[in-house]
Structure formats: C-alpha cells, structure tokens
J.: 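Pasting in a structure now, in structure tokens, and then I'll have a few things to ask.
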There are 2 protein chains.
Amino acid sequence: MLPSETHIKRVVIENITPEIEGGQFPIKRTVGEHVVVEGDIFADGHDAISALVRFRHEQDQAWTERAMVEIGHDRWRGTFRVEKPGTYHYTIEAWVNGFQSWYRALHRKTQAGLDVTPDLAAGAAAFEQVLPRASPDDAQQLQQWAQLCRSEPDLPALLRDEKARTEIDARLMRYRTPEHSTMYWAPLNVVVDPLLARFGAWYEVFPRSCASAPGHHGTLRDLAQQLARIADMGFDVIYVPPIHPIGQTARKGRNNARRAQPGDPGSPWAVGSEAGGHKSIHPELGTLEDFQYLMAQARALHLEIALDIALQCSPDHPYVRSHPEWFRSGPDGSIQCAEDPPHRYEDVYPFDFTSPQWPALWSELKSIFEFWVHQGVRVFRVDNPHTKPFAFWQWLIPALKRPWPELIFLSEGLTRPGPMTYLAKLGFTQSYDYFPWRNTKAELTAYYTRLTTGEQRQYFRPSLWPNTPQLLPPLLQSGGRPAFIMRFVLAATLGATYGIYGPAFERCEDCAVGPGSVDYLDSEQYELRCWAWDAPGHLDDLIGHINRIRRSNPALESNDRLLFHPVDNDQLIAYSKTTADYRNVIVTIVNLDPHHTQRGFVDLRLGSLGLDADTPYLAHDLLTGARYTWQGPRNYVELDPQKLPAHLLRLEQPPPSDLPP
Amino acid sequence: MLPSETHIKRVVIENITPEIEGGQFPIKRTVGEHVVVEGDIFADGHDAISALVRFRHEQDQAWTERAMVEIGHDRWRGTFRVEKPGTYHYTIEAWVNGFQSWYRALHRKTQAGLDVTPDLAAGAAAFEQVLPRASPDDAQQLQQWAQLCRSEPDLPALLRDEKARTEIDARLMRYRTPEHSTMYWAPLNVVVDPLLARFGAWYEVFPRSCASAPGHHGTLRDLAQQLARIADMGFDVIYVPPIHPIGQTARKGRNNARRAQPGDPGSPWAVGSEAGGHKSIHPELGTLEDFQYLMAQARALHLEIALDIALQCSPDHPYVRSHPEWFRSGPDGSIQCAEDPPHRYEDVYPFDFTSPQWPALWSELKSIFEFWVHQGVRVFRVDNPHTKPFAFWQWLIPALKRPWPELIFLSEGLTRPGPMTYLAKLGFTQSYDYFPWRNTKAELTAYYTRLTTGEQRQYFRPSLWPNTPQLLPPLLQSGGRPAFIMRFVLAATLGATYGIYGPAFERCEDCAVGPGSVDYLDSEQYELRCWAWDAPGHLDDLIGHINRIRRSNPALESNDRLLFHPVDNDQLIAYSKTTADYRNVIVTIVNLDPHHTQRGFVDLRLGSLGLDADTPYLAHDLLTGARYTWQGPRNYVELDPQKLPAHLLRLEQPPPSDLPP
C-alpha cells in the first residue's frame with residue numbers, strides 16, 4: 001500500500017527543455033555546441049534546493065556534472081558542452097540542500113536578534129554526521145566547521161562570507177545521499193553530429209553530364225576534374241544522384257517520355273540492371289576504382305561526396321529475380337510497379353517494407369549503406385523516405401550511427417509537416433524544407449521564425465534548396481538572373497545549410513518543360529547534358545564570394561538567433577544572425593522583387609544585435625565592400641535587382657573615430 | 001540488430017491532447033462530461049488510415065471504441081463520455097485501412113478510364129482473405145462482395161455508394177489485425193469525480209461561533225440549526241475549520257496574541273490535546289454522536305460537510321507522546337515547533353514526513369482520512385499541503401479515491417505557481433486560487449484566460465474565495481458593501497466553484513487587525529464570535545439569489561468556454577459563459593470600482609455566443625429582472641456601485657416579435 005521507494009524524494013523536476021516527447025526522441029547538436037537545460041524545480045516547504053545537470057557520452061561510464069542556477073520563479077538553468085560525435089545522455093538531479101537551508105534560517109534569526117545557539121549546535125551535529133563518509137581532507141574541514149559552530153555563540157564570521165559558504169557547500173555536495181535526490185524521470189539524449197551537419201554548402205551535379213565534349217557519357221573521373229572548381233566556389237558537399245546501374249525495362253525517355261529512344265540514358269532513380277544493383281556502379285560512370293579515385297580527390301580538397309540512396313528498384317534489378325518476395329505482387333503474381341493513382345511508374349518497383357520477409361529485406365537494405373560507408377562515404381541523401389515505414393528509419397539510422405556517429409543523412413521527405421518533421425525526430429540529420437515554396441516576406445518570416453524558435457529547432461535542421469533537378473520554382477522561371485541571385489542569397493544566409501542543383505543554377509537555366517510545370521526542359525534526369533563550365537556570365541564568382549562570406553562570419557554558421565526586422569516595404573526583407581557574444585553581427589536585406597528597384601526604411605532591433613542605439617555603427621556591405629555609417633534603428637535602403645538585389649551587412653560598433661564620415 | 005517487433009506498425013500517433021506529461025498525471029472530468037481526444041495521426045506513403053479512441057473504466061475489462069475523424073492537416077479527433085466516478089483509461093488505436101486505400105485507388109483509376117480488372121481481382125482476394133476469421137453473417141457478406149468484384153469489369157455500383165462502403169468498412173474493421181495497429185505509447189487516464197468537484201458553492205463557518213447567545217461556546221448541534229438557512233442560500237458545501245481538540249500549550253490568544261488569556265479558545269489548527277487528536281472531536285463542540293446528527297441533518301438538506309484536515313499537532317497531541325519519532329527534534333532531543341525564520345509557531349509541531357519512521361506515520365495519517373470517511377465525510381479541505389512532501393499526496397489521494405472515488409480534496413496550497421499546480425496534478429480535486437490577489441481587469445482577464453484555456457484546465461479546478469478567516473483582502477477593507485457584492489459576483493460567475501467565509505462576508509465585515517494587515521480584527525481563529533444571524537442589511541438575499549441563478553443556468557456550471565469581451569472602460573469587465581450548444585448564454589458585466597458609477601460600451605463577440613449580429617436579441621438581467629433589447633456587438637452599460645455593481649445577463653435571440661420594444 002505504501003510507496004515502493006524506501007526514501008522520500010522531496011524535490012520535483014518538471015517541464016524540462018529541451019525534451020522531445022518525454023525523451024522519446026533525442027535532440028541534436030554538433031561538436032562543440034552547448035546544451036542549455038532548463039526545468040521547473042521545487043520542493044515542498046521553504047527549504048533551499050540544489051540542482052545539477054548530469055551528462056555523459058554513451059561510451060563513457062562516468063557522469064559529468066554542471067551546477068544549475070535558479071533564473072526566477074522556480075525555473076533553473078544549467079549548460080553543458082558536447083565534445084565528440086555520438087549520443088550523450090543528460091538528466092537533472094536535484095535535492096534539498098540542508099546546509100543552505102540551515103544557513104538561511106540561521107541568518108534570519110541572527111538578524112532578528114534571536115538566540116541561535118541551538119541552531120549552531122544542530123549545524124555542528126550535521127557536519128559531524130558526514131564525517132564517517134568523508135575523505136581525510138574533507139573530514140578535517142568538517143571537524144573545524146563543527147568546532148566553530150560549537151565554540152561561538154553567534155553566527156561565525158566564516159559563515160558570513162559567501163565565498164567560504166560556497167566552498168563548504170561544494171564539499172558537502174560530495175556527500176549528498178543519492179537516495180534523497182530526485183533524478184528526472186525521462187531518459188534524455190542528444191545526438192552529436194560533426195559540424196557539417198549544421199553548417200555546409202551543397203552542390204548537386206550529375207556525373208554523367210561532366211564529360212568535356214557533347215555526346216559523351218560523363219564519368220566519375222570527369223566529375224573528379226570538376227572538384228577543384230566546385231571547391232574553389234566554397235562548397236563543402238558534392239551530391240550526386242544515384243550512381244548505380246540504370247534499368248532498361250520501361251526506361252523513360254527525354255523529358256519524361258513514356259518510352260526511351262535508343263541511346264536515352266534513363267533515370268538514375270530507376271536503380272538496377274543486369275550490371276548490378278545498389279552496391280554497384282553504373283558501368284558508363286566507371287568502376288569502384290574510379291569511385292575510389294573520386295573519393296580520394298574529394299578528400300584532398302576537403303569535400304564530402306554525398307550519395308543519393310533511393311530504396312527502389314528498376315524491373316531489371318537483381319533483387320527482383322533473387323528476392324521477388326521483397327516486392328508487392330498482384331493477384332496474377334506479377335510484381336507491382338510504383339503507383340500514385342491514376343499515375344503508374346513502370347520503370348520503378350517499390351519494396352514491400354512490411355512483407356513477411358521484412359527482416360531479410362531490412363538487413364539487406366542496411367548493408368547497402370554499410371557498403372558505401374566502407375567505401376568512405378559519410379553523407380547520404382535519402383530519396384523519398386516518407387514512403388517507407390517510419391519504423392525502418394527509426395531502426396536503421398541509429399544502427400548505422402552507432403559505429404559511425406559522423407554519418408549525415410539528408411531527408412528528402414518533402415511531404416506534409418507531420419511526417420516531414422517526424423522523420424527528423426527519428427534520426428535524419430538534415431531535411432529538405434519548404435524554402436522553394438516560401439517566397440513572400442510574410443511566408444519567409446513565419447516559416448523560418450517557427451523553424452528556428454519552436455521546439456523543432458532542437459531536432460529539425462533545414463537544408464534550403466532554391467532548385468533541384470526535379471524543381472524549377474515559378475519565381476526562377478520568370479525572374480531572370482536577379483531572381484537567381486535573390487533566392488541564392490536567401491538560401492545561403494537564412495540557412496546554415498543550403499544547396500543548389502549547381503550547373504543549372506549557376507547558368508540561371510529557367511526553361512520549364514511547359515507552362516505551369518516546375519520540371520526543367522531537357523532535364524538531366526532523363527538525358528545527358530554538356531555544360532560549358534567556363535562560359536562567362538555565370539554566377540560562379542558571386543556564389544564563391546558568398547560562400548567565402550559564410551565561412552568567415554561565424555554568425556552564419558547557425559540558425560540560432562535568426563531574427564527578422566521590420567521594413568516599411570513588403571518587397572524588402574531584413575533579418576539578422578549573430579554569434580552568441582554579438583562579436584559577429586550579420587544583417588541581410590533582400591529585394592524580393594526581381595523586376596523593380598525597391599526602397600524603404602529598415603527598423604533594426606538594435607538591442608537584439610548587441611548595439612547601442614545612441615552610438616553610430618558601421619554597416620559594411622560584404623557583397624560590394626561599401627561601408628555606411630548608420631545610427632539608431634531606422635535606416636534607408638534601396639536595392640536595384642539589376643545591380644544587386646541584396647545587402648549583406650556586417651554591423652560593428654567601433655570607436656566613432658574609426659567610422660567613415 | 002533488427003527491431004524487436006514482429007509486425008511493422010505503419011501509423012504514427014503523436015501530440016495527443018489531452019495528455020499531461022506523457023500520461024504521468026491524469027486529467028480530470030466529472031460524471032457525464034466528455035473527453036475530446038485529438039492527435040496527429042499519419043502513416044508513410046499515401047494510404048488511407050483509420051483511428052479509434054478506446055476507453056474503459058478501471059473496473060471494466062472491455063474497451064469501448066469511438067471512431068475518430070480527421071479534422072485537417074493529419075489532426076484527428078474523437079470523443080467519449082465518462083459515466084461513473086473512478087479512473088478511466090483511454091488511448092488511441094490507428095492503422096492503415098486497406099479497404100479504403102484500395103477503394104480510393106480504384107475510384108481514381110476508374111475516373112481516369114483505366115482498366116481496373118486487376119484491382120478488382122485484388123480486392124476480391126482481400127475480401128476472401130478475411131473469410132476464415134469472419135462470423136457466419138460477415139462471411140456471407142464478404143463472399144458476396146468478392147463475387148461482385150470478380151463479376152463486374154467496372155467499379156461495382158455498390159461501391160460507389162458511400163453508405164454501403166461505410167458498412168463494408170465497419171464490418172472489415174472487426175477483423176483488423178491488432179499486430180498491425182499502432183496503440184499510443186503513453187498510458188492516459190482521466191479521473192472522474194462527482195459533479196460537486198466541478199460545480200459548487202462553499203460556505204465556511206466556525207461551529208464554535210454558532211451558539212445562539214454571546215459568551216457560549218457553539219457546538220456541532222448549534223451548527224446543525226444553521227444548516228437550513230445556509231441551504232436556503234443555495235450553498236452546497238459547509239466547510240468547518242478543524243473540529244478536533246485544541247492544545248493548551250503555547251495556545252494563542254485573541255488577535256494572535258502570543259499568550260492566551262484564561263477562557264481563550266485557541267486556534268482550531270493547533271490540533272490535539274489530552275482529549276484526543278485528529279480522530280477526536282473537541283469536547284466543547286460535542287461528541288461523535290453530535291457529529292453524526294450534523295451529518296444526518298446535512299444529508300437531508302443535500303449539503304456536504306467539508307472537514308478541514310491540518311496535518312500538524314499541538315504540543316499536547318497524543319502523537320507527541322506516543323510517537324515522538326514522527327517529529328523533528330533538536331540536538332537536545334526536544335521536539336521542534338513550526339518555524340518560518342525568524343517566526344516561530346510554538347503552538348504547532350509539524351510532522352517530519354521524511355523521518356526514518358515515515359511508513360508508520362504515513363499509514364496513520366491515512367487512517368485519519370479513513371476514519372472520517374467512515375463517518376460519512378466525502379469532502380476534505382486540506383490545510384497547507386505544499387509544506388508536506390509531494391510524494392505523500394501522490395500516494396495518499398489515489399489510495400483513498402480507489403475505494404471511494406467520490407471523495408473531494410480541496411488543496412489550500414496557496415503558494416508559488418509551480419508547487420500549486422503540481423498538487424493539482426498529483427490528485428487534489430480542487431485548489432484555492434489567486435482570486436484574492438487578482439483585482440484589475442487586466443489581472444482577472446489574464447489569470448482566468450490562462451486557467452481556462454491552457455493545459456492546466458485539464459487538471460486544475462480553481463476554487464474562488466473572496467475572503468477566508470485568514471484573509472481580508474485590501475479591496476474589501478476599503479470598498480464597503482459594493483466591494484463585497486462585486487467580489488461575490490466575480491467569484492460566483494468566474495468560478496463554477498467558489499466559496500466564502502460566510503458570516504463575516506455576509507455582514508461585510510471589513511476591519512483588519514491593523515493598517516497594512518489582511519488579518520481580520522477579532523478573528524474567529526482565536527476567539528468565539530456570536531453572529532446576529534437574522535439582522536437586516538446582510539447580503540443573504542443577494543447571495544441566495546445569485547446561487548439560484550447559478551443553479552438554473554447550466555452555463556455557470558463549468559469554466560469551459562469562459563470568454564472575455566472588450567469594454568472601453570478599464571473599470572468595467574465583461575465575460576461570458578455558454579453551454580456547448582449555446583442554449584444558455586450568460587454575460588456578466590461588473591464595475592470593478594466600488595466607489596464610482598462607471599459607463600462604457602461593451603463589444604460582445606457575438607459569434608462566440610452563438611448570436612446572429614443582424615438580429616436583435618434579449619438581454620435579460622437576472623439580478624434585477626430588467627430586459628433590454630440589444631442588437632449588434634456594441635452596447636452601452638452603466639453601473640452604479642451603490643445600486644448594484646453588476647449585470648448578470650442571459651442573452652437570447654427569440655423571434656423579433658417576442659422582444660420587448
């Protein structure tokens with residue numbers, strides 16, 4: 001009938017942040033970041049309490065402790081730093097602090113002129129009670145303090161000294177009785193990824209279009225030739241669509257024609273042919289040695305190669321013959337192709353993830369990732385994860401990250417908010433986001449405020465893509481070069497991680513396959529292209545310039561502290577990012593109208609930028625090099641999209657004498 | 001390495017409401033109320049899903065099911081009604097609905113003019129697959145449907161009929177495979193209390209002041225004489241301060257004097273003397289038979305008697321001698337009195353709830369409640385619960401409610417918000433709230449909006465007290481009779497549950513013991529009073545009138561749907577309560593200034609009151625009987641505190657001909 005505990009824990013810990021659904025899902029950080037833990041912590045009555053954040057890396061046995069402090073209204077805060085990839089566990093421990101409670105009562109009684117002899121005697125007894133468990137050094141101290149309490153009729157001077165009390169408190173803390181401590185009930189975890197999980201610029205390119213002359217099928221070695229150029233532009237990740245053999249059966253032709261013509265290369269997402277499946281390389285791209293060569297070249301340039309894993313098969317995939325039970329079959333026994341009624345995708349067979357043979361299937365699919373990890377791949381872009389059971393990812397990603405905590409998985413799950421964010425909770429490192437469909441100031445402000453201030457920011461890392469091979473948004477079709485620059489600046493500054501489908505973006509390719517479509521005309525998905533890499537007028541220089549700005553301004557490395565500022569013109573958007581110490585303050589102002597010059601007054605929230613409203617400050621446009629001296633929150637801006645549709649300002653408040661006149 | 005489940009559950013259920021901290025704490029309802037359960041429910045891919053709310057009373061074995069419907073954006077909703085006191089368990093079950101998914105694809109393909117023969121064959125096979133598990137009746141149907149699918153080349157007419165499809169769906173639902181269903185992970189519970197837990201008017205009275213002549217110690221039988229009068233005023237609960245023997249040692253005198261004079265009766269909260277402890281009755285109040293007589297009289301008038309349980313002892317309590325180990329003792333072995341340094345309360349010894357002997361102590365304390373429950377008591381007011389360990393209440397209240405689910409516990413835990421609401425989470429049925437310290441329109445609006453719309457409303461039931469024997473708020477000291485009426489109307493209409501310390505309130509007693517104090521002069525806590533029960537000018541009639549209005553207007557039975565309406569005068573506050581069907585709409589408008597007439601325009605949010613803005617409606621003042629015909633949201637009000645500081649309007653939109661001109 002009585003509670004089963006043998007000791008009563010008097011302290012309550014609740015409303016912890018960050019905590020995702022009672023600790024069911026981990027939060028995410030990158031190496032070197034902090035976790036700020038808060039909780040409501042209180043006890044019955046009026047005693048003083050103490051609280052700690054405790055944390056440990058999954059491979060360490062010992063917990064490390066950090067003191068928490070009350071920030072008001074029973075809310076406590078503590079911070080710890082994560083040092084290496086992998087999973088950290090963290091929790092809160094809190095207890096009634098007898099020493100502090102005792103001292104507080106003593107102090108109040110002394111001030112009221114009451115006799116504190118009995119209280120001092122009680123304190124002495126309490127010190128002595130700890131003796132049997134204390135280290136020799138601590139025991140000596142405890143005895144001294146006890147003696148002090150017994151020998152003085154009034155509050156001992158030592159105790160009046162806050163520093164001395166802090167030391168006593170710290171020594172006594174070592175002998176607290178864990179059976180009286182409250183440990184927070186839920187298991188809390190933080191998955192720690194490499195910096196690239198948070199901050200990186202991605203460049204998508206089809207190796208088969210990297211040949212130096214038209215009509216030739218590009219190879220992995222051709223792509224290797226491009227790496228230096230892409231690295232020079234400041235990219236961190238080269239993402240290549242599936243590099244596996246492409247099926248022949250029901251192969252799609254140019255511009256998604258139902259039937260391929262002789263010579264059409266087919267879609268790389270129709271994975272598998274007689275030449276092999278997900279662990280093979282398309283023969284026309286090269287060999288595993290060529291891939292190794294590519295990886296080595298990339299490594300030398302500090303580039304990561306991101307593979308695209310599309311867990312589906314062409315009808316010619318070896319799995320189809322060896323494991324027909326992994327696919328769904330109709331009443332006549334034939335394997336069913338992908339469908340989104342009334343559409344049918346005859347060149348693709350989806351796996352049946354819930355077939356009775358799922359254990360074998362899942363194990364095999366896991367081995368695909370393992371194969372490529374063994375080839376040195378650390379970054380995966382996962383195609384359509386939202387059409388596979390969530391339980392699969394929830395099992396797969398932690399299983400792969402356990403031995404290789406540095407792995408990065410980008411979710412392409414561009415679907416409704418529920419499933420999309422759930423994939424991030426389950427373990428995806430990054431996610432494509434709704435950037436392509438957020439165009440107006442109101443849309444961008446609402447969306448990125450939510451992503452960067454709500455609970456989602458603890459586990460959902462957006463990757464902002466202005467275009468992909470499957471998506472040429474209407475604005476890019478109609479806005480010309482200014483629209484490309486504008487969307488690029490937005491992606492690269494709103495998002496610590498962003499990416500472009502590079503060759504088409506650099507060239508401001510804006511032809512859709514037809515009116516109302518968002519598909520590229522002559523899409524690389526269905527044919528070879530031959531890009532004139534060095535033709536003039538490309539955005540390469542600007543892209544490289546902005547990537548260099550990203551790398552030299554730490555404010556842009558994170559989405560924390562993204563803040564929007566009012567502008568009295570709806571076509572102008574202004575937002576800032578700062579480092580936690582305000583030593584790097586970047587304000588981006590973008591003209592969202594690719595067709596007209598827009599003017600307005602921006603009202604900077606100076607307090608949130610660490611700037612003093614009464615002192616002039618320097619606004620240094622990192623795009624043009626121009627330097628303006630601004631003062632106060634309200635400043636005029638004018639952006640001509642034909643020149644440059646954006647300011648990328650670093651704000652600094654130097655001594656007035658250092659400001660340009 | 002693989003997930004341990006043998007079947008893959010494709011549906012995800014998350015963000016359930018109501019749910020308190022992952023189901024760690026129950027929500028609360030009263031008998032006959034509904035629980036509206038919502039959740040984000042989705043699966044991978046594009047299949048149709050179905051979801052149910054399942055619930056059962058703790059004493060029932062079988063679960064009852066209610067269908068959930070999608071209300072948009074993957075959010076689903078289902079409702080169930082709780083019928084009897086006790087704890088109900090509830091959860092959500094959801095699964096991929098094969099029949100609906102199949103039909104949706106079939107329908108789309110038919111519309112696109114595609115051949116659906118293979119799909120119909122697949123459907124027939126699916127129907128037949130269920131046969132072995134089906135009841136004879138269902139089996140017959142299933143065979144007919146299968147035949148239909150096999151015999152027609154096109155979508156069978158039967159399936160085009162939504163009603164027929166619903167029937168098929170309902171039959172198939174019986175044969176869903178639970179191993180593929182997702183059950184929500186957290187255990188969710190709702191504690192169901194009697195209506196009185198939600199809706200009731202309390203009257204606090206000291207039996208010892210119920211004697212009919214001055215200088216006599218009132219008795220329980222004297223209180224019994226008052227019951228009819230109090231019942232006539234429309235009260236539901238008579239709450240009496242502790243009725244146990246009062247200690248002699250360190251007894252407090254009148255007006256909290258440190259020493260009692262001969263004849264001073266002492267504070268009832270200093271429980272225990274040679275005459276007994278918490279299971280005894282103060283000899284001057286009467287005997288257990290007298291208490292039984294009081295209970296019988298109360299029962300006949302449909303009144304509950306609420307006992308005040310103060311878990312603390314006077315130095316003369318029998319426990320002090322028989323169980324000194326249940327108290328805290330100083331270094332010299334003497335038992336320590338209650339302290340809030342520098343204050344000492346020598347007439348009270350607190351229990352040491354965490355003493356090594358806590359199991360025996362806790363069991364004994366539980367037996368106190370059990371003793372009074374066996375005497376017929378169903379309502380307890382618990383003194384200072386926030387100074388006892390939370391673990392004690394978390395154990396005690398469910399342990400007492402298991403055999404007696406109709407018990408009501410009012411928490412007097414008037415402390416900081418964290419511990420105060422935590423006590424409600426742990427099981428207290430009702431709680432005193434901050435009403436005495438919420439006076440301005442802004443304060444009242446913010447506080448009661450939060451209490452009635454935030455998560456708290458699921459478990460925290462406020463009890464609004466304009467005064468208590470320990471609290472005469474400044475406004476009542478300075479505002480005279482208008483202030484008493486104004487605060488009474490606020491308490492009785494903002495709160496479905498409210499209470500008054502009756503005799504002093506009725507008489508508008510407004511003398512504090514000194515300037516700046518909120519203690520009554522000549523407080524009943526320390527002396528006998530003799531109230532002239534029938535003297536004229538009391539608020540009895542008005543109180544009775546308002547209690548009758550509360551009983552005949554179901555909108556006032558609940559705090560759900562409390563809504564504040566703008567008034568262009570900060571001294572006027574307007575708010576409404578409605579039944580869920582808008583058949584009862586009550587708008588209360590109060591002048592918060594007890595000294596001056598206040599005028600203004602109230603802007604009613606008609607849409608939230610179920611009223612049509614273009615049709616006139618009747619505003620019937622239930623306090624005065626006056627009837628106004630109003631139209632549109634904006635209406636003029638003027639309230640003279642010397643006459644009546646409030647309108648209590650019932651709004652009705654009758655046919656225009658029925659409206660007064």
Side-chain angles (χ1 to χ4, degrees), chain A residues 1-3 5 7-10 12 14-15 21-22 24 40-46 73-74 104-109 111-112 114 118 121-122 124-125 180 185-186 330-332 339-342 353-354 358-359 362-363 366 385-392 394-395 399 416-419 422, chain B residues 1-3 5 7-10 12 14-15 21-22 24 40-46 73-74 104-109 111-112 114 118 121-122 124-125 180 185-186 330-332 339-342 353-354 358-359 362-363 366 385-392 394-395 399 416-419 422:
Chain A
M1 275 301 264
L2 282 162
E5 300 90 29
H7 293 85
I8 302 309
K9 298 163 191 323
R10 287 179 51 202
V12 166
E14 55 167 12
N15 299 324
E21 289 178 49
Q24 280 195 94
D40 293 336
I41 306 182
F42 49 81
D44 60 281
H46 310 285
H73 302 288
D74 295 322
R104 197 159 64 185
L106 200 62
H107 177 66
R108 286 190 192 154
K109 288 182 184 178
Q111 285 197 310
L114 300 177
H180 290 119
W185 66 277
D332 63 350
E339 276 194 350
D340 184 11
F353 280 81
T354 59
W358 68 264
W362 290 25
S363 293
K366 177 163 172 266
H386 56 293
T387 60
K388 286 87 186 168
F390 297 108
F392 174 70
Q394 189 163 20
W395 160 75
R416 309 183 311 281
Y422 198 70
Chain B
M1 274 303 263
L2 281 163
E5 299 91 28
H7 293 86
I8 302 309
K9 298 165 193 319
R10 286 180 51 202
V12 167
E14 55 168 14
N15 299 325
E21 287 178 53
Q24 279 194 97
D40 292 337
I41 307 182
F42 49 82
D44 60 280
H46 310 285
H73 303 288
D74 295 321
R104 196 159 66 187
L106 199 63
H107 176 66
R108 286 190 191 153
K109 286 182 185 176
Q111 284 196 311
L114 300 176
H180 290 118
W185 67 278
D332 64 351
E339 276 194 349
D340 184 10
F353 279 83
T354 58
W358 69 265
W362 290 24
S363 293
K366 178 162 171 265
H386 56 292
T387 60
K388 286 87 187 166
F390 297 107
F392 173 70
Q394 188 162 23
W395 160 74
R416 309 182 311 280
Y422 198 69

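What's counted below: heavy atoms across the whole structure, side chains too, no hydrogens, waters or symmetry copies. We name chains A, B, ... by the order of the sequence lines, and we start the count at 1 in each one.
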J.: Please classify the contact between P389(B) and chain A as side chain, backbone, both or neither, with a heavy-atom cut-off of under 4.5 Å.
T.: both
J.: Partners of R108(B) by side-chain hydrogen bond (donor to acceptor under 3.5 Å, both in side chains), sequence neighbours excluded?
T.: none
J.: Please look at E339(B) and chain A and tell me whether the side chain, the backbone, both or neither of the residue comes under 4.5 angstrom of a heavy atom of that chain.
T.: side chain
J.: Is Q24(B) in contact with chain A via its backbone, its side chain, both, or neither, using a 4.5 Å heavy-atom distance?
T.: side chain
J.: Measure the CH2-CZ distance between W358(B) and F392(B) for me, rounded to the nearest 0.5 Å.
T.: 11.0 Å
J.: Using a cut-off of under 4.5 Å on heavy-atom pairs, state which of K109(A), H46(A), E14(A), H386(A) scores highest against chain B.
T.: E14(A)
J.: Suppose we screen for side-chain contact (heavy atoms from CB on, under 4.5 Å). Which residues come up paired with A186(B), at least two apart in sequence or across chains?
T.: Y184(B), L188(B)
J.: Looking at F390(B) and A43(A), what are the two nearest heavy atoms and their distance?
T.: CE1-C, 3.6 Å
J.: Counting distance only, does the side-chain N/O of R10(A) pair as donor-acceptor with the main-chain N or O of K388(B) below 3.5 Å?
T.: no
J.: If we define contacts as heavy-atom pairs under 4.5 Å, which of P359(B), A124(B), A112(B), P417(B) has the most with chain A?
T.: P359(B)
J.: Between W362(B) (side chain only) and F353(B) (backbone N and O only), is there a donor and an acceptor less than 3.5 Å apart?
T.: yes
J.: Does any heavy atom of chain A fall under 4.5 Å from the side chain of D74(B), the backbone, both, or neither of them?
T.: side chain
J.: Name the option with the most non-hydrogen atom pairs under 4.5 Å to chain A; the candidates are L114(B), V12(B), T354(B), D40(B).
T.: V12(B)
J.: Does any backbone or side-chain atom of A125(B) lie under 4.5 Å from a heavy atom of chain A? Answer side chain, backbone, both or neither.
T.: neither
J.: Measure the CD1-CH2 distance between I8(A) and W395(B) for me, rounded to the nearest 0.5 Å.
T.: 10.0 Å
J.: For the interface with chain A, which of G22(B), P118(B), A105(B) has the highest count of heavy-atom pairs at distances below 4.5 Å?
T.: A105(B)
